[in-house]
Undergrad: 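Dumping the structure here so I can ask a few things about it.
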Amino acid sequence: MTPLTNNQINTMTKLLYPFSIIYELLSNADRFLKGSKSLPAPVISIGNLTWGGTGKTPVVIELLRFLVKNNLKPAVLTRGYNRGSKVSLLVRNGGIGINAAESGDEPLLIAKSVPEADIIIGADRYNNALRFAKEIKANIYVLDDGFQHWKIRRNLDIVCVNAANPFGNGMLIPAGILREKPKALKRAGLIIITNADMIDGGKLQKLESDIKKYSGGQSPVVTYYGNYEYTKLDLKTKFDIERLKQPEVNILSGIGFSDGFKNSVEKSGLKIKQVHNLKDHQKYDYNMLKEIYSNNDFCVITAKDAVKLESLLDDKMKERTAVLNVTPQFKTGKEQWEKAILQNLK
């Protein structure tokens, strides 16, 4: 597909701008017409200002691991975007026996990454929490993608901002990528910059300054992705990285910010031959994968894609597939992150 020119993009933005105004009006009406309700345990929300691609899911996983480490029993409330069912689902014990079509890719990845956490999946997150409350006995809820979710009252709002594309063109959906204007950061209790290693020091300093301005003076936590580990599709068995240090590997991803994945693969020490960037939450089929794997090269994929591909790849494909697992690394603000979480649980 031929990329759009700047003139075409500007024309499209102008045409879509009236719909952005309508989107803002409807969003504001939705917020003020819906009253918020409390759950029987503290709630921490993790969300963003933009449409996808902020690295929210790794932050959710990092939060859950911190909560478990502090002897808490967390439950995640998530919609399960693009799943094959509308029936509410409780996923426990690392998602044993559950496939991504039932749960959605991100909920299953979270379940596999933190098996101590319970994952409650479904559109009505408030009533789903009450429905399963006695069964799971959670003492902390994590509201996934919750910054624009008004029905549930929370103790702490954590907002992720992608350093590589923090606010897009500054316009709301559909003319831009913003769900809310940056001034909404004033509601956040903690702001996390992700992918900080993808911009230079000057731009990072400017972004921190902008966030302080929008949020009323709050200093953001700054993170990047590191601690690179390659596993097989089960996300547990280690994959020998030396096997990947051939001349080049192919990479495959169906996530919101594929440039971040490519950056991590390169920083892990691998050379890339071919890039397959597909849409976020991509649904795969065997014929598509057979074409991608046709050249017999090794293929590196994301952990989010691994939970979908495990049941689709044949044995030969699996043998040539490595999953890159990354975790957020704190450049600044680790103590600020931990303090904000623990204070809001009291």
Undergrad: Do L77 and L90 share a hydrophobic cluster (ILVMFWY, side-chain heavy atoms under 4.5 Å, transitive)?
TA: yes

Undergrad: Side-chain heavy atoms nearer than 4.5 Å, only ILVMFWY residues, links allowed to pass through others: does that put Y141 and I121 together?
TA: no

Undergrad: When you compare the side chain of F261 with that of L252, does any pair of heavy atoms fall below 4.5 Å?
TA: no

Undergrad: Are I255 and F257 connected, step by step, through hydrophobic side chains (Ile, Leu, Val, Met, Phe, Trp, Tyr) whose heavy atoms are closer than 4.5 Å?
TA: no

Undergrad: So among D144, T194, N48, which one has a side chain to side chain donor-acceptor pair (under 3.5 Å) with K56?
TA: D144

Undergrad: Main chain of Y23, side chain of S27: is a donor-acceptor contact present, judged purely on distance under 3.5 Å?
TA: yes

Undergrad: State, yes or no, whether a side-chain contact exists between K238 and E229 at a heavy-atom distance under 4.5 Å.
TA: yes

Undergrad: Are the side chains of L130 and L39 in contact, using a 4.5 Å heavy-atom criterion?
TA: yes

Undergrad: Salt bridge between K262 and E266, side-chain N to carboxylate O under 4.0 Å?
TA: yes

Undergrad: With sequence neighbours left out, which residue pairs that include part of residues 158-172 fulfil the side chain to side chain donor-acceptor pair (under 3.5 Å) condition?
TA: N162-N195

Undergrad: Students often mix this up, so state it plainly: with edges at 30° and 60°, are the rings of F167 and Y214 parallel, tilted or perpendicular?
TA: perpendicular

Undergrad: Do I110 and I341 belong to the same hydrophobic cluster, where Ile, Leu, Val, Met, Phe, Trp and Tyr are linked whenever their side-chain heavy atoms lie under 4.5 Å apart, directly or via other members?
TA: yes

Undergrad: Let me check something: any side-chain donor-acceptor pairs from residues 288-301 under 3.5 Å, sequence neighbours excluded? List them with distances.
TA:
unit_1 : atom_1 : unit_2 : atom_2 : d
Y293   : OH     : T321   : OG1    : 2.7
S294   : OG     : E291   : O      : 2.8
N295   : OD1    : N250   : ND2    : 3.4
N295   : OD1    : D297   : N      : 3.2
N295   : ND2    : D297   : OD2    : 3.0
D297   : OD2    : K273   : NZ     : 3.0

Undergrad: State whether D124 and R131 are salt-bridged, where the test is any N-O pair (Lys NZ or Arg NE/NH1/NH2 against Asp/Glu carboxylate O) under 4.0 Å.
TA: no

Undergrad: Can you tell me if Q329 uses its side chain to pair, donor with acceptor, with the backbone of T327 under 3.5 Å?
TA: yes

Undergrad: Determine whether I44 and L345 make a side-chain contact, defined as any pair of heavy atoms from C-beta on separated by less than 4.5 Å.
TA: yes

Undergrad: Is the shortest side-chain heavy-atom distance between D305 and L278 below 4.5 Å?
TA: no

Undergrad: State, without any angle test, whether Y286 and D314 hold a side-chain donor-acceptor pair at a distance under 3.5 Å.
TA: yes

Undergrad: Closer than 3.5 angstrom, by distance alone: can the side chain of N325 be matched with the main-chain N or O of V323 as a donor-acceptor pair?
TA: yes

Undergrad: Is the backbone N or O of D259 less than 3.5 Å from a side-chain atom of N263, with the two atoms forming a donor-acceptor pair by type?
TA: no

Undergrad: Please check: side-chain N/O of N155 versus main-chain N/O of V43, any donor-acceptor pairing under 3.5 Å?
TA: yes

Undergrad: Are the side chain of S20 and the backbone of L172 linked by a donor-acceptor contact shorter than 3.5 Å?
TA: yes

Undergrad: Here's a test for you: under side chain to side chain contact (heavy atoms under 4.5 Å, CB included), which of V91, I61, L64, I120 qualifies with V76?
TA: L64

Undergrad: My understanding is that only residues two or more places apart in sequence, or in another chain, count here; which of them pass side-chain hydrogen bond (donor to acceptor under 3.5 Å, both in side chains) with S45?
TA: D157

Undergrad: Sequence neighbours left out, what pairs pass side chain to side chain donor-acceptor pair (under 3.5 Å) with at least one residue falling in residues 95-114?
TA: N99-E102, D105-H281, D105-K308, E106-K304

Undergrad: Counting C-beta onward and ignoring hydrogens, is there a side-chain heavy-atom pair between V249 and K271 closer than 4.5 Å?
TA: no

Undergrad: Any non-hydrogen side-chain atom of V265 less than 4.5 Å from a side-chain atom of Y230?
TA: yes

Undergrad: Going hydrophobic residue to hydrophobic residue with side-chain gaps under 4.5 angstrom, can you get from I193 over to V326?
TA: no

Undergrad: Using salt bridge (Lys or Arg N to Asp or Glu O under 4.0 Å) as the criterion, point out the one residue from K186, R31, R187 that pairs with E180.
TA: R187

Undergrad: Can you tell me if Y225 uses its side chain to pair, donor with acceptor, with the backbone of G55 under 3.5 Å?
TA: yes

Undergrad: Okay, side chain of R154, backbone of G146: is any donor-acceptor separation there less than 3.5 Å?
TA: yes

Undergrad: Does some side-chain heavy atom of L233 sit less than 4.5 Å from a side-chain heavy atom of M317?
TA: no

Undergrad: What pairs with D240 under side-chain contact (heavy atoms from CB on, under 4.5 Å), at least two apart in sequence or on another chain?
TA: E242, R243

Undergrad: Output a table of donor-acceptor pairs, distance under 3.5 Å, between side-chain atoms of residues 132-139 and any protein atom two or more places apart or on a different chain; print 'none' if there are none.
TA:
unit_1 : atom_1 : unit_2 : atom_2 : d
K137   : NZ     : K134   : O      : 3.0
N139   : OD1    : K73    : N      : 2.7

